[in-house]
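Structure first, then comments.
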Number of protein chains: 2
Amino acid sequence: MSKLPKKSPKQPPAEQSGSDVPVGLNQIPLLQILSAQDRQKVLGEMTETRYGKGQYIFREGDPTEYFHIVKEGSVKCVKSSLDGKECTLKVLMPGDLFCCDASAFDGASHPGTAQPMGDVSVLRMKNDAYFKMLRANPDAAMEVIRYLGNRLNEAQEKAKVLALDRADQRLAALLVNLAERSGIKEPNGIRVSVRLTRQDMANMVGVTTETAIRIMARFKKDRLVSGTAARLVIRDLLKLKLLAST
Amino acid sequence: MSKLPKKSPKQPPAEQSGSDVPVGLNQIPLLQILSAQDRQKVLGEMTETRYGKGQYIFREGDPTEYFHIVKEGSVKCVKSSLDGKECTLKVLMPGDLFCCDASAFDGASHPGTAQPMGDVSVLRMKNDAYFKMLRANPDAAMEVIRYLGNRLNEAQEKAKVLALDRADQRLAALLVNLAERSGIKEPNGIRVSVRLTRQDMANMVGVTTETAIRIMARFKKDRLVSGTAARLVIRDLLKLKLLAST
DNA sequence: AATAAAACATGACAAATGTAATGTTTCCAA
DNA sequence: TTGGAAACATTACATTTGTCATGTTTTATT
């Protein structure tokens, strides 16, 4: 969910820092791999930050100083073209790493913007501490290699879909993906737990908002989906899958 | 060049295996990083193979057993959709690594096809030897992380371009890229040293062959390029750059 | 509850790109 | 050198998607 557990209007200081293990950290494979001792050390070097609507974690072009991990909530990676059009490359979920990549080397700058979708909590760590940790832990380095490899395959698959498929197929593929990655079973379908407007979807599949709206209207008519934004439900995953690959 | 140095019709056994260092190996960053000793060991575990027109290095869906490095020539990475359309994701050049990624883990299969563009020479090494090498050499592991990170950024940039730009802009961007990555200065422009048909270009930017032909015809009329396939020349890099980002 | 802002929706029209059919040129191998 | 394949080319037309304009509904905020 993009909403964190209810709490009084002003947020209390971030949880953690008690003597017991902070909630949520066991969803982070990279940390699980480390020995208890190394993990403690790494956690000591990491800072937790919360972000809300309208904020940025970093922006395209900013210098890259930190390595990041999503702890709670969802984060979107966005790139924009000179004429203001935007495209969302990836929705990061808890456990996802970002800036674990080349943009973190030799004083480069961020190739895209990272912004929270709803309230999120992010762990971060200085680049040099991160590299030091990787050099000292072959297992962690291998995990990062595997993770980056997966991201690369994913990105290439995305490029393929953008290059070869029609707008409705791309949108169907997106919905299938969301259902599988963040879906919650409900009596009448699978609810997507990330708040996603038609505009968001449009940015994710490279079409205009109007086109996304029209296609979603068709999907709704055909009883493949229902609801909007905060309450989007996938009603016929199979048919969507079929459509995505037709 | 995609043509290797002239030789008699039947190819003689691959060069190397003399006592002196094989030609071309100093173009491979990953090997340069290793100590002379480790490099020798790694080279001992690698096999050199040559491929020619019409062959495949591996195909989409094949099990991944080897890690690869391009030594000479160019290799293209291709994915295809169910209905036979193809898209070329990346042209690998000497020094480029492939299957250094997630597809190499836990008995996965290749997410795409690798095929030679003209004659190429490829080094390869069993996956487990590769992983062992990475674990033993933090510098090599860091180099692979940096390399994968670059590939990831590149792939995301490609997705962005596919999502937001028009066909002519994408084609212009491709030509600029080729000129910069494999261009050879000539009196009247920059010759692209990889043989590239209109069909190849179409596959790289996600359009039909006819569209690629039409756009290239326009570019030719406007004196931005000249020639075809084996003799493609970029005549006005600046204007192409401008077009790509307009 | 009132109000403003964001999201959703729809229609008319324009532009970009694909499809199909067909012909010419270039390249390569017998 | 020559015949056949691949590459290049062009036309007419169909389809997809974008653009613009406008209006309604939903959501969030005071």
Side-chain angles (χ1 to χ4, degrees), chain A residues 2-3 6 9-10 52-54 81 83-88 117-119 161-172 192 194-221 225-233 243 246, chain B residues 2-3 6 8-10 52-54 81 83-87 117-119 161-172 192 194-221 225-233 243 246:
Chain A
S2 58
K3 290 285 182 216
K6 284 269 171 50
K10 286 293 160 211
K53 212 170 89 172
S81 65
D83 52 334
K85 283 181 292 188
E86 282 196 349
C87 118
T88 299
M117 305 175 75
D119 294 324
V161 167
L162 283 166
L164 301 180
D165 294 349
R166 279 194 322 273
D168 59 340
Q169 298 177 299
R170 305 204 297 267
L171 197 39
V192 176
V194 186
R195 182 181 199 277
L196 220 56
T197 66
R198 308 297 197 230
Q199 162 130 245
D200 290 326
M201 299 181 215
N203 286 342
M204 290 191 204
V205 299
V207 295
T208 57
T209 306
E210 291 89 338
T211 298
I213 287 175
R214 280 190 270 252
I215 294 175
M216 286 300 285
R218 212 160 69 218
F219 285 177
K220 183 178 254 169
K221 185 170 66 77
V225 301
S226 69
T228 64
R231 190 163 185 77
L232 178 60
V233 177
L243 174 57
T246 302
Chain B
S2 59
K3 290 287 181 216
K6 284 266 170 51
S8 44
K10 287 292 162 214
K53 214 171 88 173
S81 66
D83 51 334
K85 283 181 292 187
E86 283 196 347
C87 115
M117 306 176 74
D119 294 324
V161 167
L162 283 166
L164 301 181
D165 294 351
R166 280 193 322 272
D168 58 340
Q169 298 177 299
R170 306 204 296 268
L171 196 39
V192 176
V194 187
R195 182 180 199 275
L196 220 57
T197 66
R198 307 296 197 234
Q199 161 130 246
D200 290 326
M201 298 181 215
N203 285 342
M204 290 191 204
V205 299
V207 295
T208 58
T209 305
E210 290 86 343
T211 298
I213 287 176
R214 280 190 272 251
I215 293 174
M216 285 299 285
R218 211 160 70 219
F219 285 179
K220 183 179 254 170
K221 184 168 69 73
V225 302
S226 68
T228 64
R231 189 160 187 79
L232 178 61
V233 177
L243 175 57
T246 304

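Numbered from 1 within each chain, the chains take letters A, B, ... in sequence-line order.
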For [X] and [N], what is the distance between atoms [atom1] and [atom2] respectively, to the nearest whole Å?
X	N	atom1	atom2	answer
B/R231	C/dT25	CZ	C1'	18 Å
A/N203	D/dT17	CG	P	17 Å
B/R198	D/dT10	CZ	P	11 Å
B/K221	D/dA9	NZ	P	14 Å
B/L232	D/dA7	CG	P	15 Å
B/L196	D/dA6	CG	P	18 Å
A/M117	C/dA6	CE	C1'	16 Å

Interatomic spacing from [atom1] in [X] to [atom2] in [Y] - rounded to 0.5 Å:
X	Y	atom1	atom2	value
B/S81	A/L164	OG	CG	5.0 Å
A/T209	A/N203	OG1	CG	6.5 Å
B/E210	B/Q199	CD	CD	9.5 Å

Where along residues 209-220 of chain B does a heavy atom come under 4.0 Å from DNA chain C, residue by residue in number order? B/E210, B/T211, B/R214

Heavy atom of residues 161-169 of chain B under 4.0 Å from DNA chain C: which residues?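 Residues of residues 161-169 of chain B that come under 4.0 Å of DNA chain C are, in numerical order, B/R166, B/A167.
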
Look for any protein N or O under 3.5 Å of an N or O in nucleotides 1-4 of chain D and output each such pair with its distance, or none.
none

Heavy-atom closest pair, residues [X] and [Y]:
X	Y	result
B/G227	B/L232	O-CD1, 3.7 Å
B/A167	B/V207	CB-CG1, 3.7 Å
B/M201	B/L196	CE-O, 3.5 Å
B/F219	B/D168	CZ-O, 3.7 Å
B/R195	B/D200	O-OD2, 4.0 Å
B/L171	B/A212	CD2-O, 4.1 Å

Check whether any side-chain N or O of A/R170 sits under 3.5 Å from a backbone N or O of A/V161 as a donor-acceptor pair, and report yes or no.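 Pair absent, no side-chain N/O of A/R170 close to backbone of A/V161.
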
Closer to the 5' end of DNA chain D via nearest nucleotide, is it A/T228 or A/R170? A/R170

Pick out which of B/T228, B/T211, B/V225 makes a side chain to side chain contact (heavy atoms under 4.5 Å, CB included) with B/M216.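 Among B/T228, B/T211, B/V225, the one meeting side chain to side chain contact (heavy atoms under 4.5 Å, CB included) with B/M216 is B/V225.
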
